[in-house]
Amino acid sequence: MNPRPRGALCAAITLAMLVWLHSVPLQAREPDPWSAERLTRLVSQAHARFKDVKDGANADYIPELAKVPSELFGVAVVTVKGEVFTAGDTDHAFSIQSVSKPFTAALVMEEQSPGVIVDKIGVEPTGLPFNSIIATQLLPQMSANPMVNAGAIAAVSLVTASSPGERFAKIMGWYERMAADRLVVVEDVYRSEAATNQNNRGIAYILANKGRLYADPLEAVDVYTRQCSIGVTAKQLAVMGATLANRGVNPMSGKRVMKGDHVAHLLAVMMMAGFYNEAGAWAWSAGLPGKTGVGGGIVAVVPGRAAIVGFSPRLNAAGNSIRAMKAIEYIAAELGANVFEASR
Ligand code: GLN
């Protein structure tokens with residue numbers, strides 16, 4: 001063969017390959033790690049893998065929480081497209097507890113500004129337990145950040161209202177928009193915590209004494225306690241988280257709930273303080289902003305993608321659900337969802 005036809009043949013083959021490559025859909029070349037099939041499988045695998053873990057114990061400093069069946073276990077993923085993937089007990093309403101904290105902080109940002117969180121509460125992690133009184137003495141901001149009790153009670157006190165009833169109604173309505181669903185208070189849990197929350201009352205008075213609380217201390221603690229008693233299912237909590245993942249637009253209702261620009265501030269403080277004295281270990285292993293609660297719920301947010309939720313009542317010493325942490329870490333690792341991973 002003389003050189004000219006060979007060159008032409010090579011060019012023709014290259015062209016044909018390029019045309020072929022172009023016509024093959026992207027998914028066929030690289031399987032989508034976020035496909036519905038894969039998410040369905042990962043959620044049930046996470047549930048199956050960790051359902052027999054018996055480590056830890058229910059919270060019992062709120063007596064009613066000790067009565068919640070310890071075997072309950074739900075795993076849910078809701079994507080920014082509104083897809084829902086669940087396994088296990090994802091329709092059981094549990095008390096949201098401290099997973100409420102970022103959502104109330106979001107309401108304060110929306111009503112006032114993100115700067116109010118910095119100036120009137122703080123954004124520094126404490127490295128101490130969620131209910132630490134020592135932290136109020138160690139940090140110049142006292143309330144530290146809105147993810148610990150001190151800062152969360154301060155956040156409640158910053159919700160604009162002329163009465164505690166109005167303040168709570170606002171918080172409830174806000175959570176319902178985040179969840180695109182009706183929510184109810186778990187009254188037994190509320191009564192149980194209201195009868196035993198002296199530590200939080202102490203924190204509120206310490207803040208009020210230095211001008212770091214912005215409503216009556218006992219009223220603020222009562223609204224905070226009621227907020228912590230709002231019941232959510234793992235599925236509803238995952239929708240709330242997916243609203244953050246979707247930059248403030250609820251993927252189920254399609255409605256904008258909060259300003260997009262505020263979400264990154266909220267996720268930053270969740271990453272730094274959402275797991276209290278375990279925030280470092282969580283960032284190390286999961287690499288996702290998240291928030292835990294002593295009711296056994298945890299929400300983790302994959303910005304631009306989804307929320308991953310685990311719920312199971314048995315907690316470790318830091319007050320974080322062991323099964324929920326394991327399930328979320330597993331799913332996040334399989335998806336390559338770590339926010340610090342350049343290849344994600
Ligand atoms: N309501 C609980 C408290 O104030 C919330 C604590 C938590 O979930 N970590 O103690």
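One-based numbering, in listed order, for ligands and for the atoms of each. Position 1 is the first residue of the sequence, and the numbers go up from there.
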Is a salt bridge present between Glu110 and Arg177, judged by a nitrogen-to-oxygen distance below 4.0 Å? no
Quick test of your reading of the model: are Arg191 and Glu64 salt-bridged, counting only N-O distances below 4.0 Å? no
Provide the number and element of each atom of ligand 1 under 4.0 Å from a heavy atom of [X].
| X | result |
| --- | --- |
| Tyr224 | 1 (N), 2 (C), 3 (C), 4 (O), 5 (C) |
| Gln97 | 1 (N), 2 (C), 5 (C), 8 (O) |
| Phe130 | 6 (C), 9 (N), 10 (O) |
| Tyr61 | 2 (C), 3 (C), 5 (C), 6 (C), 10 (O) |
| Gly293 | 8 (O) |
| Cys228 | 1 (N) |

Check: of Ser98, Ala59, Gly319, min heavy-atom distance to atom 7 (C) of ligand 1 comes from Ser98
Proximity to ligand 1 by part of Asn200, non-hydrogen separation under 4.0 Å: side chain
Checking heavy atoms under 4.0 Å, the part of Val294 that sits near ligand 1 is both
Can you find a side-chain donor-acceptor pair between Ser192 and Lys67 that sits under 3.5 Å? no
I'd like to know if the side chain of Gln97 pairs up with that of Ser95 as donor and acceptor (distance under 3.5 Å, no hydrogens or angles considered). yes
Is the number of heavy atoms from other residues, nucleotides or ligands within 6.0 Å of NZ (Lys54) greater than 12? yes
How close do Met272 and Ala279 get, heavy atom to heavy atom, and via which atoms? O-CB, 3.4 Å
What are the two closest heavy atoms between Met271 and Val339, and how far apart are they? CE-CG2, 3.8 Å
Below 3.5 angstrom, do we get any N/O pair linking Thr292 and ligand 1? no
Ring-face cation contact, Tyr190 with Arg226, 6.0 Å cut, 45° max: yes
Ligand 1 contact by Asn131, heavy-atom criterion under 4.0 angstrom: no
